[in-house]
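Side-chain atoms are counted along with the backbone in the values below, which use heavy atoms only and exclude waters and symmetry mates. The shown structure was predicted, so the numbers you read here are calculated from the model rather than taken from an experiment.
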Amino acid sequence: MYLDRLEYKKDILRPIDGRCRFLAAAVLIAAVVYTTSAEALAACIALCALALSREPRVSGLRLLPVNMMTAALWLPAAFGFGADSALLYTLRINAAALVYMVFIVPMSISAIASSMTRLKVPGKLVSLFILSYRYIFLLGERLSATLSSMRLRSPETGTLQLWRSFAAVFAATTAHAVFRAQKVSMAMVSRGFDGAFPLTLTFKWRTRDTVILSLCLCVSALSLYFSITKA
């Protein structure tokens with residue numbers, strides 16, 4: 001979830017209950033991880049790509065680091081070893097990432113946190129997720145501003161001095177984050193924070209949520225069944 005950069009502006013599943021989206025994503029990702037059928041994985045990728053077709057640039061940029069990690073799987077394949085396994089794992093990773101991008105990524109942080117709470121995730125874990133989400137962007141903004149300032153104000157320097165400057169910037173940013181976290185923690189405790197944020201959204205499970213979840217369960221079961229029989 002990247003605010004104003006790789007954020008999805010259109011959510012085709014917006015009317016669906018957040019709990020349904022979480023459960024459906026978990027079921028489908030579990031099926032994708034254990035599926036051994038390349039055809040089923042390719043079909044899953046195609047369907048998810050179709051669902052995200054309104055914003056292909058965002059999806060492509062999000063998949064770029066995913067496939068950079070899978071590139072290591074193809075090193076043995078370049079020498080003629082394990083090409084089938086590399087293809088299968090690449091399809092699995094891309095399918096799981098796309099399922100996550102369809103069901104979870106377009107949700108707002110409040111919808112995600114409230115859905116986690118309604119699914120009985122421990123309140124302190126949800127609070128940690130919310131605060132981590134916030135602080136990641138605070139760190140990113142501060143780091144970006146500091147690097148831009150350093151680039152505009154500093155003269156041309158050697159490579160060693162440049163890397164020393166980068167180390168100092170990262171150290172200062174980390175220290176600032178620690179001090180800020182301590183201040184925020186003291187302020188929250190002083191105001192009566194008990195470790196769990198209250199619900200900010202209300203949910204109402206509807207018939208369409210049951211249908212979607214049932215459909216995902218059936219698709220996952222069929223995919224696993226055909227993978228087992230094929231093996």
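E7 and V58 make their closest contact through O-CG2, 4.3 Å (heavy atoms, listed as atom of the first residue, atom of the second, distance). Contact between V126 and A113 at its shortest, heavy atoms only, is CG1-O, 3.7 Å. When every heavy atom of A51 is checked against every heavy atom of V102, the shortest pair comes out as CB-CG2, 4.3 Å. Nearest approach of R54 to K10, heavy atoms of both residues: CD-CD, 3.8 Å. The minimum heavy-atom distance linking A86 with L73 is given by the pair CB-O, 3.5 Å. Nearest heavy-atom pair across L213 and A24 is CD1-N, 3.8 Å.
A 4.5 Å side-chain heavy-atom check between I93 and M69 finds every atom pair outside the cut-off. The shortest distance between side-chain heavy atoms of W74 and T90 falls below 4.5 Å. Contact of the F103 side chain with the L28 side chain is registered, since non-hydrogen atoms from C-beta on lie closer than 4.5 Å. The side-chain heavy atoms of L224 and Y34, taken from C-beta on, include a pair separated by under 4.5 Å. Taking 4.5 Å as the limit, some side-chain heavy atom of L41 sits within range of a side-chain heavy atom of R92. P15 places a side-chain heavy atom less than 4.5 Å from the side chain of R208. Looking at F129 and V121, their side chains never come closer than 4.5 Å, going by heavy atoms from C-beta outward.
To the nearest 0.5 Å, the span separating CG on L222 from CG on L217 amounts to 11.0 Å. Between atom CZ of residue F197 and atom CG of residue L128 there is a gap of 10.0 Å, rounded to the nearest 0.5 Å. Considering CZ of R62 and CG of L98, their distance stands at 11.0 Å, rounded to 0.5 Å. Atom CG in L125 sits 10.0 Å away from atom CD1 in I130 (nearest 0.5 Å).
V99 and L88 fall within the same hydrophobic cluster, where Ile, Leu, Val, Met, Phe, Trp and Tyr residues are linked whenever their side-chain heavy atoms come under 4.5 Å apart, directly or through other members.
Side chains of T35 and S37: a donor-acceptor N/O pair is absent below 3.5 angstrom, by distance only.
Of the possible polar contacts, one joining the T173 side chain to the V169 backbone as a donor-acceptor pair under 3.5 Å is found. A donor-acceptor pair is defined here as one N or O able to donate and one able to accept, closer than 3.5 Å; such a pair exists between the side chain of R191 and the backbone of A187. Of the possible polar contacts, one joining the S115 side chain to the A111 backbone as a donor-acceptor pair under 3.5 Å is found.
Between R21 and D11 there is a salt bridge, with a side-chain nitrogen of the basic residue lying less than 4.0 Å from a carboxylate oxygen of the acidic one.
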(Q) Between T70 and N67, is the side chain to side chain contact (heavy atoms under 4.5 Å, CB included) condition met? List the steps. (A) CA-CA 5 Å; T70 61; N67 286 283; 3.7 Å; yes
Audit row: S59, M101, side chain to side chain contact (heavy atoms under 4.5 Å, CB included) steps and yes/no | CA-CA 8 Å; S59 302; M101 288 158 59; 3.9 Å; yes
What do the steps show when you test Y8 against L52 for side chain to side chain contact (heavy atoms under 4.5 Å, CB included), and what is the final call?
CA-CA 9 Å; Y8 282 108; L52 298 171; 3.8 Å; yes
### Message
side chain to side chain contact (heavy atoms under 4.5 Å, CB included) for D209 and F203? Distances and angles first, verdict last.
### Response
CA-CA 11 Å; D209 302 318; F203 297 96; over 6 Å; no
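Cation-pi geometry between R19 and F22 is not met at under 6.0 angstrom from the ring centre and within 45 degrees of the axis.
No more than 12 heavy atoms of other residues, nucleotides or ligands sit less than 6.0 Å from atom CZ of R14.
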